[in-house]
Amino acid sequence: MRLPDGTAEWHAVLRAPAGVRHPAPVAETHRRSGRRHDPIPTLPNAVDPASVLHHDPAELTVPLRSFPAARTGCSATPPMTPSMP
């Protein structure tokens with residue numbers, strides 16, 4: 001997503017056990033995404049390593065409640081992101 005200041009926000013999900021931190025997260029993302037279609041392999045090249053955020057996802061064992069309204073359904077569950085093997 002392009003931001004007003006000209007920078008972009010993007011997300012990558014790397015499959016790993018909870019708590020794993022890579023010493024070079026940008027290099028690890030590039031290593032895992034290098035065989036994908038453009039522009040994905042070029043994204044890590046533009047990242048300042050100091051700006052990388054790392055959050056372990058939490059698994060919900062009980063589904064969140066749904067809030068249907070008339071013919072439109074609204075869910076409290078955020079959309080899932082694709083994971084990078």
Side-chain angles (χ1 to χ4, degrees):
M1 174 171 75
R2 184 167 295 283
L3 302 175
D5 66 358
T7 60
E9 176 182 337
W10 62 279
H11 304 262
V13 178
L14 304 179
R15 188 179 309 231
V20 169
R21 299 296 186 266
H22 297 284
V26 174
E28 180 65 17
T29 303
H30 193 278
R31 184 185 74 77
R32 293 186 185 208
S33 67
R35 295 180 307 276
R36 306 234 180 223
H37 62 82
D38 284 336
I40 295 172
T42 63
L43 292 173
N45 297 333
V47 173
D48 173 6
S51 70
V52 173
L53 300 177
H54 182 118
H55 302 286
D56 288 328
E59 182 178 353
L60 299 176
T61 56
V62 177
L64 296 175
R65 189 173 131 211
S66 175
F67 300 100
R71 295 175 69 185
T72 304
C74 185
S75 173
T77 307
M80 298 301 294
T81 58
S83 87
M84 295 173 66

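Throughout, numbering of the chain's residues begins at 1 and tracks the sequence.
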Asks: Is the count of non-hydrogen atoms from other residues, nucleotides or ligands lying under 6.0 Å from His37 atom NE2 greater than 12?
Replies: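 It does not: His37 NE2 has 12 such atoms or fewer within range.
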Asks: Would you name the heavy atoms of Ser51 and Val47 that are closest together and state the gap between them?
Replies: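 Taking every non-hydrogen atom into account, OG-CG1, 4.0 Å.
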Asks: With Arg32, which of Arg36, Glu28, Arg35 fulfils side-chain contact (heavy atoms from CB on, under 4.5 Å)?
Replies: Glu28
Asks: Could you name each residue pair satisfying salt bridge (Lys or Arg N to Asp or Glu O under 4.0 Å) that touches residues 16-25, not counting sequence neighbours?
Replies: Arg21-Asp56
Asks: Shared ILVMFWY cluster between Val20 and Val52, side chains joined below 4.5 angstrom?
Replies: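 No, Val20 does not connect to Val52 through the hydrophobic network.
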Asks: Check side-chain contact (heavy atoms from CB on, under 4.5 Å) between Pro44 and all other residues, then give those that pass, not counting sequence neighbours.
Replies: Trp10, Val26, Thr29, His30, Ser33
